[in-house]
Amino acid sequence: MSGTEVTVDVQLDEDAIHNLVHSRQVQADLEQRMDAVVQTAQAIAPVDTGRYKASIHRVPQPGPDGEVHVEANVPYAIYVEHGTRQTDRHGRSIHPPRYTLSTALDAAGGDH
């Protein structure tokens, strides 16, 4: 038996691949997924004044690469998400991390 060599030449349409994420169908799917993240994040958000929970939203415009973002835009959101090092006099954390947005993204499932 002798071996056979096969050569396949593939040329990608880079413009089509790059623009795919900007298509209306893909954007609608991403928006729907991120709306689910918003709902979950608001459901599990810690509430003191309610400002943090109310600030969680999907950013209306996609990023330059077609990405769709969810944010909590109160100035202290980073501290709610990741906590602080502050402790009480017994060494217990005063502001533990809540990982609200991270947990919501994981709970939304899908391929992300």
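Note that this is a predicted model, so its numbers are computed, not measured.
- The side-chain heavy atoms of Q27 and P62, taken from C-beta on, include a pair separated by under 4.5 Å.
- The CD1 atom of I56 lies 6.0 Å from the OG1 atom of T100; values are rounded to the nearest 0.5 Å.
- A donor-acceptor contact under 3.5 angstrom links the side chains of S102 and E81, judged on distance only.
- Note that CZ of R24 is 10.5 Å distant from CG of D29, once rounded to the nearest 0.5 Å.
- When side chains are defined from C-beta on, R92 does not count as touching T87, because their heavy atoms never get closer than 4.5 Å.
- When every heavy atom of A41 is checked against every heavy atom of L101, the shortest pair comes out as CB-CD2, 3.9 Å.
- Residue D48 qualifies as open at atom CG: its count of foreign heavy atoms under 6.0 Å is 12 or below.
- Considering only heavy atoms from C-beta on, R51 comes within 4.5 Å of P75 through its side chain.
- Taken to the nearest 0.5 Å, the NE2 atom of H95 stands 15.5 Å off from the NE2 atom of H82.
- Between the CD atom in Q39 and the CD1 atom in I44 there is a gap of 12.5 Å [rounded to 0.5 Å].
- Using a 4.5 Å heavy-atom cutoff, the side chains of V68 and V59 are not in contact.
- At a threshold of 4.5 Å between side-chain heavy atoms, the hydrophobic network of Ile, Leu, Val, Met, Phe, Trp and Tyr places V37 and Y99 in two separate groups.
- Distance alone, capped at 3.5 Å, places no donor-acceptor pair between the N19 side chain and the H22 backbone.
- One finds the NE2 atom of H57 at 10.5 Å from the CD atom of Q42 (value rounded to the nearest 0.5 Å).
- Below 30°, between 30° and 60°, or above 60°: for Y52 and Y76 the angle between ring planes is between 30° and 60°, a tilted geometry.
- When all heavy atoms are compared, the tightest approach of P96 to I94 is CD-O, 3.4 Å.
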Could you go through the side-chain contact (heavy atoms from CB on, under 4.5 Å) check for R98 and V80 one step at a time? CA-CA 6 Å; R98 301 297 182 162; V80 174; 4.2 Å; yes

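- For D65 (side chain) and E67 (main-chain N/O), no donor-acceptor pair under 3.5 Å exists by modelled atom type.
- Between atom OG1 of residue T7 and atom CD of residue E5 there is a gap of 4.5 Å, rounded to the nearest 0.5 Å.
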